[in-house]
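As structure tokens, the structure follows; a few thoughts come after it.
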Amino acid sequence: MSIRVRFAPSPTGYLHVGGARTALFNWLLARKSGGTFILRIEDTDEARNTEAAMNAIFEGLSWLGIDWDEGPQKGGDYGPYFQSQRQGIYDAYFKKLEEAGRVYFEENGAARFKFSREAITIPDMVCGDIRFAPTEEPDMTVRRPDGSYIFHFCNVVDDIEMGMTHVIRGEDHISNTWKHIDLFNAFGAKAPVYGHIPLLLNPSGSKMSKRDEGASIDSYLQAGFLPQAVFNYLCLLGWTPKLEGETFSSQQAVELFDISDVHHSNARFDMTKCTWVNQQHLRLLDDAALVAYARPWLEKAGINPGNDEAYIARTLNSVKEKVSLASEFPSWVHFFFTEDFAFEDEVMTKLKANAQAPKLLAALQTGLQATSEWTEASLGEAVTKVATTEGVKAGALMPLLRFSLSGQTRGPDVKVMMVVLGQERALARLGRAAALLA
RNA sequence: GACCCCUUCGUCUAGCGGUUAGGACACAUCCCUUUCACGGAUGCGACACGAGUUCGAUUCUCGUAGGGGUCGCCA
């Protein structure tokens, strides 16, 4: 039988990173096995559901590249995929429970499920068998006085009706799972195979919550992360693919995934390493992808990058290995896109403190003007020549060039900058710097 | 409190009875680099503890401690 798994979030906030990781592992299991990945919206809590939260789920999953085969926007043979639209199904199942003599009512009308109070073993793909002794907990409420149903009930009914074969979910559900199995048994249905994955912890060691940095998937987009990098890092927290290195694509993850390799212990989230993973993926980008990735960030910073894709790519490549996140691009390349860039205070101070600066800048202008070829190699030679003539080290000239061309103390390689800018603009910038000192 | 899961460098982890306990991030030093990075080299740094089982335990069993989770008419 083909594997059917699902991700069943409730739309009460943004898409949580822990939830996204749960979706990820279910998705990997489905894609690896050629099974079906279903998205089901558990919107039974009317008071807390919002449209925005629903969209955050769709957008977050899509951004990460986690696509669903059945569910909202997709349809499927087991719908509706919103619990709020499945009341009739729940009523029918509730009746079954009543007929089996497994429910009773409280004075206010709430209905409770009568536990079997037998020992229950959960066969778990990740943790192995987990045994629970006969419970002493009070029977579980499954239906509210207003006729709406509780999470546990809907969850089980939907898993039966939607034919789920496996359920991968967070370890925080282990303590609920025996209740679910009790319900499956009461319905005479076969429970899916469970796999409880370890939790994502914040740096201080407790369950990731709303307040924690990186808790919302949207925050990665906002911070300039690449979706494939977040996907990669999330995999790493709970699973180690048998692979050299730690950087991989989602395609590789699918090929290598094996649920039995999933870890047993909780993992702390480390934004520094997540950023490092992003840097690794950034370096893999080709020119077109790099421009597409950086462009919104340049524009957001007030830079007009124009439409010369090849030129934009050249500017970005000049700093590709210096940057970890897209949000860092503007400060590294802004001077490539305007002649009216500002000079850092530190640059002005250094220029003014250098009594020889005007003379050397003039010499550089003359020397570079005469350069036959505008390439890194010949520019290097030209600078050396000027240095010799002026009786200084080439090292004294490079900072002057850097300051004049970019207004910054650090940036791309000086020769690369000159080549990207072209002779005309580079010389004009030297002139502008000289004028500033005059 | 009860129940459940977990326990290797600061963090993420490899290891599946015999290893100088390996790697990655971070950190430190050096090399490369006429900036900053990248890259390279080196260093720092861990099997929670106690009993067993065994010729031999990081690895298997039990206990203790510690961490996490769950005990809703939330999901």
With both distances kept under 3.5 Å, what pairs with B/U61, Watson-Crick or G-U wobble?
B/A51
Quote, to the nearest angstrom, the P distance that separates B/U54 from B/U59.
16 Å
Quick check: A/F257 with A/W27 (ring centres under 6.0 Å apart)?
no
Find which nucleotide of RNA chain B each of A/P412 and A/P145 is nearest to by heavy atoms, and output the residue with the more 5' nucleotide.
A/P412
Which whole number of Å gives the distance between the P atom of B/G45 and that of B/U11?
15 Å
Set out, in order, the CA-CA distance, both residues' side-chain angles and the distance that settles salt bridge (charged side-chain N to carboxylate O under 4.0 Å, His left out) for A/R117 and A/D139, then state yes or no.
CA-CA 10 Å; A/R117 302 197 182 272; A/D139 290 324; 2.9 Å; yes
Applying the side-chain hydrogen bond (donor to acceptor under 3.5 Å, both in side chains) test to A/R6, which of A/N155, A/D158, A/N26 qualifies?
A/N155
Counting the atoms with a prime plus P, OP1 and OP2 as sugar-phosphate, which does A/E42 contact under 4.0 Å by heavy atoms, base, sugar-phosphate, or nothing?
sugar-phosphate
Categorize A/A110 for me: base, sugar-phosphate, or nothing, with a 4.0 angstrom heavy-atom threshold over every strand shown.
base
Using the C1' atom on both, measure B/G68 against B/A14 and round to a whole Å.
23 Å
Does A/R144 make a side-chain N or O approach to OP1 or OP2 of B/C74 shorter than 4.0 Å?
yes
Among the nucleotides B/C74, B/C5, B/C12, whichever has the atom closest to the side chain of A/I130 is B/C5
Proximal nucleotide (of B/C25, B/A75, B/C12) relative to the A/W276 side chain
B/C25
Sugar-phosphate, base or nothing in reach of A/D146, heavy atoms under 4.0 Å
nothing
Considering only heavy side-chain atoms of A/L237, the closest of B/C5, B/C12, B/C38 is B/C12
Could you give the distance separating B/C32 and B/C38 at their C1' atoms, to the nearest angstrom?
10 Å
What is the nucleic acid contact for A/G205, judged by heavy atoms within less than 4.0 Å: base, sugar-phosphate only, or nothing?
sugar-phosphate
Looking only at side-chain N and O atoms, does A/R169 come under 4.0 Å of OP1 or OP2 in B/C5?
no
Pairing partner of B/G39 (Watson-Crick or G-U wobble, both distances under 3.5 Å)
B/C31
So, under a plain 3.5 Å distance rule, would you say the side chain of A/K322 forms a donor-acceptor pair with the base of B/C38?
no
Tell me whether the OP1 or OP2 atom of B/C12 has a side-chain N or O from A/H263 closer than 4.0 Å.
no
State the pairing partner of B/C3; accept Watson-Crick or G-U wobble contacts with both distances under 3.5 Å, and report none otherwise.
B/G69
Kindly say whether, by distance alone, the side chain of A/K273 makes a donor-acceptor pair under 3.5 Å with the base of B/A26?
no
May I ask you to say what A/R268 touches in the nucleic acid, namely base, sugar-phosphate or nothing, with a heavy-atom cut-off under 4.0 Å?
sugar-phosphate
Base, sugar-phosphate, or nothing for A/K207, non-hydrogen atoms under 4.0 angstrom?
sugar-phosphate
Categorize A/T135 for me: base, sugar-phosphate, or nothing, with a 4.0 angstrom heavy-atom threshold over every strand shown.
nothing
Under 4.0 Å, counting only non-hydrogen atoms across every strand here, what does A/F132 touch: a base, just sugar-phosphate, or nothing?
sugar-phosphate
Name the orientation class of the two ring planes belonging to A/Y149 and A/F153 (parallel below 30°, tilted from 30 to 60°, perpendicular beyond 60°).
parallel
Could you work out the separation of B/A46 and B/C25 based on their C1' atoms and round it to a whole Å?
16 Å
Looking at side-chain heavy atoms only, is the closest gap between A/F113 and A/K179 below 4.5 Å?
no
So that I can tick it off, tell me whether A/E381 and A/K385 are bridged by a salt bridge, with the cut-off set at under 4.0 angstrom between side-chain N and carboxylate O.
no
Does a side-chain N or O from A/H152 land closer than 4.0 Å to OP1 or OP2 of B/A75, or not?
no
Which nucleotide, in any strand shown, forms a Watson-Crick or G-U wobble pair with B/C9, with both distances under 3.5 Å?
none
Output yes when at least one side-chain N/O atom of A/T141 is less than 4.0 Å from OP1 or OP2 of B/C73, else no.
yes
For nucleotides B/G56 and B/G18, find the distance between their P atoms and express it as a whole number of Å.
14 Å
Going from CD on A/Q423 to CD on A/Q369, what distance comes out if it is rounded to the nearest 0.5 angstrom?
6.0 Å
Decide yes or no for A/K273 and A/E246: does some side-chain heavy atom of the first lie under 4.5 Å from some side-chain heavy atom of the second?
yes
With both distances under 3.5 angstrom, what nucleotide forms a Watson-Crick or G-U wobble pair with B/A46?
none
What interatomic distance, in whole Å, is found between C1' of B/A37 and the corresponding atom of B/A75?
46 Å
Check the phosphate of B/A14 against A/T240, side-chain N and O only, distance under 4.0 Å to OP1 or OP2. Yes or no?
yes
Given B/C36, B/C74, B/C5, which nucleotide is nearest the side-chain atoms of A/W332?
B/C36
Mate of B/U20 where both pairing distances stay under 3.5 Å, Watson-Crick or G-U
none
Which comes earlier along RNA chain B counting from the 5' end, the contact point of A/S265 or that of A/Q279, where each point is its nearest nucleotide?
A/S265
Please determine if a side-chain N or O atom of A/S206 lies less than 4.0 Å away from the OP1 or OP2 oxygen of B/G69.
no
I'd like the P distance from B/U42 over to B/C36, given in whole Å.
24 Å
Check every strand shown and say whether A/G238 touches a base, only sugar-phosphate, or nothing at a heavy-atom separation below 4.0 Å.
sugar-phosphate
Have a look at A/D413 and say if it touches a base, only the backbone sugar-phosphate, or nothing, with a 4.0 Å heavy-atom cut-off.
base
For A/R48, report the nucleic acid contact type (base, sugar-phosphate, nothing); a contact means any heavy atom under 4.0 Å.
base
